J.: 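The structure under discussion is supplied below as structure tokens; questions concerning it will follow.
The structure displayed is predicted, hence computed values, not measured ones.
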Amino acid sequence: MPIAFAYTLIVILLITSGLLTLLILLHRGKGGGLSSMFGGGVSSNLAGSSVAEKNLDRYTVLVGIIWFACIVGLGLWLKLAVK
């Protein structure tokens, strides 16, 4: 396989890593842990998740799947490139 494939996967991996970090940090704290230490546990929880929170969950899962696919793709490329 050409080296451009690996560079493309590395660029996508870097972009998705940054996006995944930002998306995870945007999530609302569920109580307990480090988020409550900084005042996150003071707010009251409403009856259900908002539409924005559900969409944020979907985007986080989608970016996580793309990130995982890049990791697997790079691993397979390295395995084939060594032979």
J.: Using the test side-chain hydrogen bond (donor to acceptor under 3.5 Å, both in side chains), find all partners of Thr60 that sit at least two apart in sequence or belong to another chain.
T.: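 With sequence neighbours excluded, Thr60 shows a side-chain hydrogen bond (donor to acceptor under 3.5 Å, both in side chains) to His27, given in chain and number order.
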J.: So, taking the atom named CG in Leu23 and the one named CG in Asp57, what distance separates them when rounded to the nearest 0.5 Å?
T.: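 Separation between the atoms: 10.0 Å.
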J.: So if I apply the side chain to side chain contact (heavy atoms under 4.5 Å, CB included) rule between Ile24 and each of Thr21, Leu20, Leu22, which one comes out positive?
T.: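 That would be Leu20; it is the only one of Thr21, Leu20, Leu22 passing the side chain to side chain contact (heavy atoms under 4.5 Å, CB included) with Ile24.
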J.: Quick one: do Ile15 and Phe5 end up in the same hydrophobic cluster if we chain Ile, Leu, Val, Met, Phe, Trp and Tyr together by side-chain heavy atoms under 4.5 Å apart?
T.: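 Looking at the clustering, Phe5 is in the same group as Ile15.
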J.: How far apart are the closest heavy atoms of Leu74 and Ala6, and which atoms are they?
T.: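 Closest pair (atom of Leu74, atom of Ala6, distance): CD2-O, 3.9 Å.
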J.: Is there side-chain contact between Ile3 and Trp77, with heavy atoms separated by less than 4.5 Å?
T.: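 Yes; the side chains approach each other to less than 4.5 Å.
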J.: In terms of hydrophobic clusters joined by side-chain contacts under 4.5 Å, are Ile10 and Leu78 together?
T.: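 Both belong to a single hydrophobic cluster.
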J.: For Trp67 versus Ser17, what's the shortest heavy-atom pair and its separation?
T.: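 Closest approach of Trp67 to Ser17, heavy atoms only: NE1-OG, 3.0 Å.
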J.: Shared ILVMFWY cluster between Val61 and Tyr59, side chains joined below 4.5 angstrom?
T.: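 Per the 4.5 Å side-chain linkage, Val61 and Tyr59 are not co-clustered.
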J.: With the 4.5 Å side-chain cut-off for hydrophobic clustering, are Leu14 and Leu19 part of the same group?
T.: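 Yes, it is one cluster - the side chains of Leu14 and Leu19 are joined through contacts under 4.5 Å.
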J.: Mind checking who shares a hydrophobic cluster with Ile12, ILVMFWY linked at side-chain heavy-atom distances under 4.5 Å?
T.: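 Cluster partners of Ile12: Leu62, Ile66.
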